[in-house]
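Below is one structure; the comments refer to it alone.
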There are 4 protein chains.
Amino acid sequence: MKRNKPKYKQIIDAAVIVIAENGYHQAQVSKIAKQAGVADGTIYLYFKNKEDILISLFREKMGYFVEKNEEVIAGKSTAAEKLLVMIENHCRILSEDSHLAIVTQLELRQSNKEIRLKINEVLKGYLHLVDQILYYGIETNEFDPDLDVRLTRQMIFGTLDEMVTTWVMNDQKYDLVAQSSAIHQLLINGCGGKR
Amino acid sequence: MKRNKPKYKQIIDAAVIVIAENGYHQAQVSKIAKQAGVADGTIYLYFKNKEDILISLFREKMGYFVEKNEEVIAGKSTAAEKLLVMIENHCRILSEDSHLAIVTQLELRQSNKEIRLKINEVLKGYLHLVDQILYYGIETNEFDPDLDVRLTRQMIFGTLDEMVTTWVMNDQKYDLVAQSSAIHQLLINGCGGKR
Amino acid sequence: MKRNKPKYKQIIDAAVIVIAENGYHQAQVSKIAKQAGVADGTIYLYFKNKEDILISLFREKMGYFVEKNEEVIAGKSTAAEKLLVMIENHCRILSEDSHLAIVTQLELRQSNKEIRLKINEVLKGYLHLVDQILYYGIETNEFDPDLDVRLTRQMIFGTLDEMVTTWVMNDQKYDLVAQSSAIHQLLINGCGGKR
Amino acid sequence: MKRNKPKYKQIIDAAVIVIAENGYHQAQVSKIAKQAGVADGTIYLYFKNKEDILISLFREKMGYFVEKNEEVIAGKSTAAEKLLVMIENHCRILSEDSHLAIVTQLELRQSNKEIRLKINEVLKGYLHLVDQILYYGIETNEFDPDLDVRLTRQMIFGTLDEMVTTWVMNDQKYDLVAQSSAIHQLLINGCGGKR
DNA sequence: CATGAATGAGCATTCATTCAT
DNA sequence: TATGAATGAATGCTCATTCAT
């Protein structure tokens, strides 16, 4: 695909806006094209079909997510710090792009099973990051050596997701990043970190 | 509404089966009617519209959930024990009704924002139960007195939800109830409970 | 299918009219529905899809064709007479329904290969009738005993088809039935019949 | 038009191949351009539009047909012989170019009424040849002096056409030229030729 | 002459809901 | 109460043609 052409990103950004503002089921291809400033047919020069737009959207944005997280995590030396900056980063990115927050937390979940399976594939990269932090914390004796990494990752991911979704459903009216520290403490306690 | 008439529950149970077996977007009213053994039009004698079926379904099932949980929680004297039986109960009910697990964890989440907001209303009864355990644990000095109840509730609920969803997505092929104890320990640690 | 319900035939007759008057590629389902006096969706209670309308149309009309032909053929005792009444009958039916003539000779031939293969299946019943006349003529010594039935059937069918198509393409402005006798003589000569 | 430029014939030959291999409705301009090794836009330097490609294709190929037929017919002295070589020639040319046979007998017939009318115009040159043979046969007393030339031409043309179409629909799996003699005899009989 | 990216009109089909019986 | 035939709005995608380069 022509992922480097400017119109590729142009269409994805248009999709985020249209989906956030109209809802998943009201995000017609023609609306996305109009928002992107191209003709309907042009969409199909860059994407196989509508489904491909949604999956590409998720892949592009999540790729940025994972990339940013890898950067900030690498800059910290303890597992606790790594987890904290990851949480802060997660909250910050979504706080800064309210459209993206709506799309990932609410709208894209209405897609059919096929799309969601592909989205889950993309998510695995993110889950892997969390695992790495946990393994690191166990190695450095910060965390309980008997920690069940799979369950703990589910706790961390589930907690973050629930926190953000609640925030979006409350119309993003409070400061999400400000909660990072408190939720971090809760999770670190869960991991058996020092209090 | 005619919630006591036999056909009311008959249609709701049919909806659970049809949604679980066909997926949310393939669960047409006519399919639900056929499964329930009534005519399409009869559905509308018991429900305002399709949305009403889904919300009623959630309310009925979740009502049973909260009721059962209140029972088991009342039988325990410490907050930690209360949380444990709640988690066990949660896992057990979903383990025993695989259709319901699929519907609540995967399919019903594909519904639009409007339906999900109403579902969230129903969920508040459940969240309130968690809050009560947390307040109780703070009172009894089991939990950290400075615990942010709202955030902690999000952690508990998000973790449970993620755990069950992962289990459903893995085709329910391992023992969910068996994980109760481990996840309980993680969450209790998070709450500052004794180790 | 509900082939006996009045709307079934109503829709097929509407399709003949719409296709004849607008052309194959301008015969939208909505136009057919409007002509039939039903809603678009009603079409799909009686037909699987648009293709099914066209094939059913051909099957219904051709069924009438074969049926009528069997009647008139049975009433004659020589192969030459049988062939004559078949030709007359063929010409008469199409002369009496100018819409049907346009649809079968011009418009339906624009359909894709899949539809045309199914139409050809239906046509086999008609070709079989011609074969029967030829075998009968050979038995009764009217026709050349060495007649190649397959080729001769192709001659008869090809000649009739070309004659009718030419007539339709000339806007049906001359009397088709009046040509029956002359074309019959040509074909009978071909078959080695007495002059 | 630029009918002498090499790309003109190049595009027409590409069209024959693409239509034969993909079918009329799957023969997009872009596919023809690709097959011809030119850009989509280049097509429009040599042809007015897609319709023009098809009609030109037919004209070019049919021109060769008529030309060849005129040659072989001129070499024979009786009408019966002329008809025989014409039939043989017709069968031979299509036997030798299976792509062309598929295109003229099956695919091009799916075109709309407008194109088919123009194709018929081109065909008139061919029909005229048949007429000439018939007039010649009447003059030389080979054929019935009362022969209806127009009808007889329809018989000859319809028969040939049906024969070839049947052969193509049966995947060209038998020898078409070998049938020339038998079909010739049938047609000559029809014309009142000596037996 | 040649290119190929961009255009945008056009349509079969589904399914929640109604209402005459 | 119960039925189920009928309704009709709503949308993703293709492809012939253009035109700036």
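Computed from heavy atoms alone, side chains included, the values below leave out hydrogens, waters and symmetry copies. In the text below, chain A, chain B and the rest are named by the order of the sequence lines, each starting its count at 1.
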*Paired with E:dC15: which nucleotide, if any, by Watson-Crick or G-U wobble criteria at under 3.5 Å for both distances?*
F:dG8
_Candidate nucleotides F:dT7, E:dG8, E:dT3, ranked by approach to the side chain of C:Ala39 - the nearest_ = F:dT7
*Please check the phosphate of F:dT17 (OP1 and OP2 only) for any side-chain N or O of D:Lys48 closer than 4.0 Å.*
no
*Whichever of B:Gly37 and A:Gly41 has its nearest DNA chain F nucleotide further upstream toward 5'*: B:Gly37
*When we call it a touch if two heavy atoms are under 4.0 Å apart, what does C:Lys34 touch: a base, just sugar-phosphate, or nothing?*
nothing
*Minimum-distance nucleotide (side-chain atoms of A:Gln28 versus F:dC15, F:dT11, F:dA6)*: F:dT11
*Looking for any heavy atom pair under 4.0 Å, which part of the strands does C:Val29 touch: base, sugar-phosphate only, or nothing?*
base
*Atom CD1 of A:Ile53 to atom P of F:dG12: distance rounded to whole Å?*
9 Å
*When the distance from OH of D:Tyr44 to C1' of E:dA5 is rounded to whole Å, what number comes out?*
15 Å
*asked:* Could you tell me if the side chain of D:Gln110 sits less than 4.5 Å from the side chain of C:Arg116, heavy atoms only?
replied: yes
*Taking only the side-chain heavy atoms of A:Leu45 (C-beta and beyond), determine which of E:dT7, E:dA12, F:dT11 contains the nearest atom.*
E:dT7
*Where the side chain of A:Lys50 is defined as all heavy atoms beyond and including C-beta, which of F:dT1, F:dC13, E:dG8 is the nearest nucleotide?*
F:dC13
*Which of the following nucleotides, E:dA12, F:dA2, E:dC11, is nearest to the side chain of B:Tyr46?*
F:dA2
*Counting Watson-Crick and G-U wobble pairs only, both distances under 3.5 Å, name the nucleotide matched with E:dT21, or none.*
F:dA2
*asked:* Return the pairing partner of E:dA9 with a 3.5 Å limit on both distances, Watson-Crick or G-U wobble; otherwise return none.
replied: F:dT14
*In sequence, state the C-alpha distance, the side-chain angles, and the governing distance for A:Lys31 and A:Gln26, and then conclude on side chain to side chain contact (heavy atoms under 4.5 Å, CB included).*
CA-CA 9 Å; A:Lys31 250 182 212 159; A:Gln26 280 307 306; 3.9 Å; yes
*asked:* What is the distance, to the nearest angstrom, from the CD1 atom on D:Ile19 to the C1' atom on F:dC15?
replied: 15 Å
*For D:Lys118 and D:Glu121, what are the C-alpha separation, side-chain angles and deciding distance, and is it a salt bridge (charged side-chain N to carboxylate O under 4.0 Å, His left out)?*
CA-CA 5 Å; D:Lys118 291 187 181 168; D:Glu121 278 307 306; over 6 Å; no
*asked:* At less than 4.0 Å, is any side-chain N or O atom of A:Lys31 found next to OP1 or OP2 of F:dT11? Yes or no.
replied: no
_What's the closest nucleotide to the side chain of B:Gln26 if the choices are E:dA12, E:dC15, E:dA2?_
E:dC15
*Please work out which of the three classes, parallel, tilted or perpendicular, describes the rings of B:Phe47 and B:Tyr8, given edges at 30° and 60°.*
parallel
*Can you check whether D:Leu100's main-chain N or O pairs, donor with acceptor, with D:Lys61's side chain at less than 3.5 Å?*
no
*Looking at F:dT3, E:dA2, F:dT7, which one has an atom nearest to any side-chain atom of C:Thr42?*
F:dT7
*Rounded to whole angstrom units, what separation is found between the CD1 atom of D:Ile43 and the C1' atom of F:dC15?*
13 Å
*Once you round it to whole Å, what is the distance between P of F:dA2 and CZ of B:Phe47?*
13 Å
*asked:* Whole angstroms only, please: what is the NE2-P distance between B:His25 and E:dA16?
replied: 12 Å
*Distance in angstrom units between D:Asn49 CG and F:dC15 P, rounded*: 17 Å
*Considering heavy-atom distances to DNA chain E, does B:Ala27 or C:Glu51 have its closest nucleotide positioned more toward the 5' end?*
C:Glu51
_Rounded interatomic separation in angstrom, taking CG from C:Asn112 and P from E:dA12_ = 13 Å
*Name the closest nucleotide to the A:Asp40 side chain, picking from E:dA5, F:dT11, E:dA9.*
E:dA9
*Minimum side-chain heavy-atom gap D:Leu57-D:Val103 below 4.5 Å*: yes
